[in-house]
Amino acid sequence: MKLSKYYMPTLREVPADAEIPSHQLMLRAGMIRSLSAGIYSYLPLGYRVIRKVEQIVREEMDRSGALEVLMPAMQVADIWKESGRWEEFGPLMVRFKDRNEREYCLGPTHEEVIADIVRDEVRSYKDLPFNLYQIQTKVRDEIRPRFGLMRAKEFIMKDAYTLDCDEDGLDKAYQNMYDAYVRVFERCGLDTRVVEADSGAMGGSGSHEFMVLADSGEDDLAFCSECDYAANVERAEAALEISSVSPAADNPADSSLAANVSAEASTVADGPAEVSAGNSDYSPAEATTSEAEIEKVHTPDATTIEDLVDMIEVSPGKMIKTMAYIADDQPVVALVRGDDQLNEVKFRNYLGAIELRPAHPDEFSEKFGSVAGFIGPVDLPENIRIVADRRIQELDKAVTGANEKDYHLVNVNPHRDIAKIEAFTELRTVQAGDPCPRCGGSLEIKSGIEVGHIFKLGTKYSSNMGATYLDENGKAQPIVMGSYGIGITRVAAAAVEQHHDDRGIVWPLPLAPFQIIILPLGNSDEVDWAAEELYKELQEAGLEVLLDDRDERAGVKFNDAELIGIPLRITIGSRSLENDEFEVQIRRTGKDFNIDRSSACSKIEKLLEEIE
RNA sequence: CGGGCUGUGGCGCAGUUUGGUAGCGCACCUGCUUUGGGAGCAGGGGGUCCUCGGUUCAAAUCCGAGCAGCCCGACCA
């Protein structure tokens with residue numbers, strides 16, 4: 001491709017609206033342009049990269065035995081009402097009506113369509129198993145689109161769905177996809193980590209996420225420094241000893257162990273419900289009682305843990321942080337230690353709630369009989385559910401809000417003073433330095449970009465939508481499903497996050513829009529002829545090559561070549577051409593050297609093989 | 001949705017405090033020169049100053065409402 005005939009609007013300056021490297025660089029390199037927030041056009045250079053990613057995904061999916069299909073982007077509301085997700089998905093789904101007032105949405109995902117396709121056709125266990133996948137644009141009305149392609153309202157996703165007779169079949173299909181994903185990301189030149197994940201709104205029994213480690217990542221991940229334990233902090237647990245007080249706390253590590261699965265293992269994690277159930281049968285009779293009586297102390301304007309520490313000289317670890325939430329319109333309260341953070345995912349999973357949000361300030365008085373900044377679990381109204389983190393049960397003489405402006409309570413003993421804590425369960429977010437649940441080593445926290453997510457769905461959708469088959473005994477059984485996503489456009493962005501320097505993008509060879517760029521410098525005809533000749537020769541060798549034949553100065557060409565990140569640069573100028581030589585530079589290493597004109601093509605092919 | 005910031009030629013910004021009819025750099029067009037790391041000189045084109053309403057002789061500037069974009073939180077591939 002000749003650049004004089006290409007559309008590659010590069011930007012010298014950094015667009016003010018772009019924050020992270022991939023967003024800035026993809027805009028500057030002329031790969032993408034936004035139509036509105038979170039909605040992008042993929043320009044020629046950008047779309048070539050997208051297609052590279054798609055092709056790698058397609059090849060590995062085909063290799064795994066999956067079958068490519070293309071499902072409708074526009075879906076009828078009926079199937080979503082059947083699965084129960086028309087309500088559940090909420091405002092994330094873009095909905096509209098046709099001229100006959102029939103309701104539709106733009107597909108944010110395709111479980112319902114798959115179930116619909118399959119329920120009318122699959123009759124017998126003999127028809128199973130199989131795996132269907134598609135590469136398609138998904139639409140989600142994200143609360144806050146940001147970071148360019150990283151979180152867009154419209155994005156390209158590969159989604160696959162496995163259909164099996166039973167859990168064993170699902171386990172095999174899941175492992176098969178797991179392995180395919182490992183190959184996909186490796187081929188894309190991405191350094192990814194697999195972590196145990198919460199299955200969230202998808203439902204189902206187990207899931208893993210494929211993460212690209214990057215500072216700009218939106219997920220926090222817990223890694224053990226000793227063993228291979230890795231989990232999204234949404235689900236990660238620490239092996240914290242809970243001292244004395246309650247026998248219910250005896251073996252905190254056990255439940256976590258059961259719920260964990262190593263990256264290589266073919267078994268799957270247990271549902272989070274089981275985790276909390278194991279820890280929740282707390283018995284108040286066993287609790288010790290503190291001698292000291294509760295006291296109310298004046299704490300003017302101390303609405304945060306930090307304020308309190310300054311005012312009454314108690315460490316955060318001795319405080320009970322009380323978090324007021326509304327779960328499906330019901331007021332609920334979560335208790336965590338002052339030095340811990342509430343993990344909303346764990347809280348939501350425990351409650352089994354669909355919608356969970358922090359209470360608004362005015363709701364503190366309306367629904368909690370309290371006041372923002374001074375809420376506490378002692379003497380809350382009867383109707384409010386109180387759930388405490390396990391670490392609360394070992395507290396004594398703790399400090400908490402008095403439900404009265406400018407007052408806190410001290411000497412609180414949770415077992416004695418807090419009426420009906422319905423459970424002590426795992427609610428805290430793990431922190432760096434916490435002990436690993438598997439080996440006791442130290443956990444570290446890193447941020448990552450989620451590029452792939454695989455779920456064992458089970459029978460949630462098939463049951464709700466009547467997708468059944470007849471087993472060997474002629475009995476109807478729900479099909480067992482799995483669902484597997486790769487964010488194609490996000491992979492491209494993540495690759496830039498992981499591979500760039502201060503001059504621009506440094507594409508891994510398999511994703512590079514072109515492998516080679518030829519820069520003829522100066523205005524000599526000999527140079528132009530030599531460039532043209534090499535260009536043709538490389539093209540005939542089947543290589544993807546850009547020829548920068550624009551009437552631009554050397555600096556412009558060098559800078560653009562580096563910005564767009566082409567792995568191999570061939571410079572042709574009268575200087576080296578006098579010796580019948582071309583100059584080569586490898587983008588990643590910056591290494592440069594001359595090659596002979598006569599053997600240039602074969603030498604370049606060899607170089608490309610050496611660049612991983 | 002809550003909190004913060006910002007809307008001025010294609011891009012990056014100044015001008016807003018103290019109203020007086022819009023400017024800088026880059027990019028673009030023409031000519032000459034230049035030509036190995038984002039050229040120089042000369043000339044030129046392009047702006048409903050986010051929108052609507054109000055105050056005023058006069059509004060980019062002051063007031064009100066709305067819209068859009070970005071950042072921090074909940075959502076997710």
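Just so we're on the same page: letters track the sequence lines, and every chain starts at 1. Atom set for the values below is all heavy atoms of this structure, side chains included, hydrogens, waters and symmetry mates excluded.
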Once hydrogens and angles are ignored, does a donor-acceptor distance under 3.5 Å link the base of [N] to the side chain of [X]?
{"X": "A:Glu562", "N": "B:G37", "answer": "yes"}
{"X": "A:Arg151", "N": "B:C76", "answer": "yes"}
{"X": "A:Asn559", "N": "B:G37", "answer": "yes"}
{"X": "A:Arg569", "N": "B:G37", "answer": "yes"}

Report yes if at least one side-chain N or O of [X] is closer than 4.0 Å to OP1 or OP2 of [N]; otherwise report no.
{"X": "A:Arg12", "N": "B:G25", "value": "no"}
{"X": "A:Arg553", "N": "B:G36", "value": "no"}
{"X": "A:Arg357", "N": "B:C1", "value": "no"}

Checking contacts here: which listed nucleotide ([options]) is nearest the side-chain heavy atoms of [X]?
{"X": "A:Arg28", "options": "B:C76, B:G38, B:C72", "answer": "B:G38"}
{"X": "A:Phe455", "options": "B:C11, B:A77, B:C75", "answer": "B:A77"}
{"X": "A:Glu583", "options": "B:C70, B:G36, B:C76", "answer": "B:G36"}
{"X": "A:Arg490", "options": "B:C11, B:G37, B:A77", "answer": "B:A77"}
{"X": "A:Ala37", "options": "B:G69, B:C11, B:A74", "answer": "B:G69"}
{"X": "A:Asp219", "options": "B:G73, B:C76, B:G12", "answer": "B:C76"}
{"X": "A:Arg140", "options": "B:G12, B:C76, B:G36", "answer": "B:C76"}
{"X": "A:Phe155", "options": "B:G38, B:A77, B:A39", "answer": "B:A77"}
{"X": "A:Ala554", "options": "B:G38, B:C76, B:G36", "answer": "B:G36"}
{"X": "A:Arg575", "options": "B:G36, B:C75, B:G37", "answer": "B:G36"}

When we call it a touch if two heavy atoms are under 4.0 Å apart, what does [X] touch: a base, just sugar-phosphate, or nothing?
{"X": "A:Phe147", "result": "sugar-phosphate"}
{"X": "A:Val14", "result": "sugar-phosphate"}
{"X": "A:Gly522", "result": "sugar-phosphate"}

[N] pairs with which nucleotide, Watson-Crick or G-U wobble, both distances below 3.5 Å?
{"N": "B:G36", "value": "none"}
{"N": "B:C52", "value": "B:G64"}
{"N": "B:A27", "value": "none"}
{"N": "B:G2", "value": "B:C72"}

Quiz item: Do the side chain of A:Ser36 and the main chain of A:Ile39 share a donor and acceptor less than 3.5 angstrom apart?
Solution: no

Quiz item: Taking the six-membered ring for Trp, are the ring centroids of A:Phe210 and A:Tyr178 within less than 6.0 Å of each other?
Solution: yes

If we take the [atom1] atom in both [N] and [M], what is their distance in whole Å?
{"N": "B:G25", "M": "B:A68", "atom1": "C1'", "value": "26 Å"}
{"N": "B:G20", "M": "B:G15", "atom1": "C1'", "value": "14 Å"}
{"N": "B:A14", "M": "B:G9", "atom1": "P", "value": "13 Å"}
{"N": "B:C11", "M": "B:U17", "atom1": "C1'", "value": "28 Å"}
{"N": "B:U48", "M": "B:A27", "atom1": "C1'", "value": "23 Å"}
{"N": "B:G23", "M": "B:C32", "atom1": "C1'", "value": "28 Å"}

Quiz prompt | Distance in angstrom units between A:Glu552 CD and B:U34 P, rounded | solution = 18 Å

Quiz item: Atom NE2 of A:His23 to atom C1' of B:C70: distance rounded to whole Å?
Solution: 10 Å

Quiz prompt | For the student: nearest non-hydrogen atoms of A:Leu534 and A:Ala600, plus distance | solution = CD1-CB, 3.9 Å

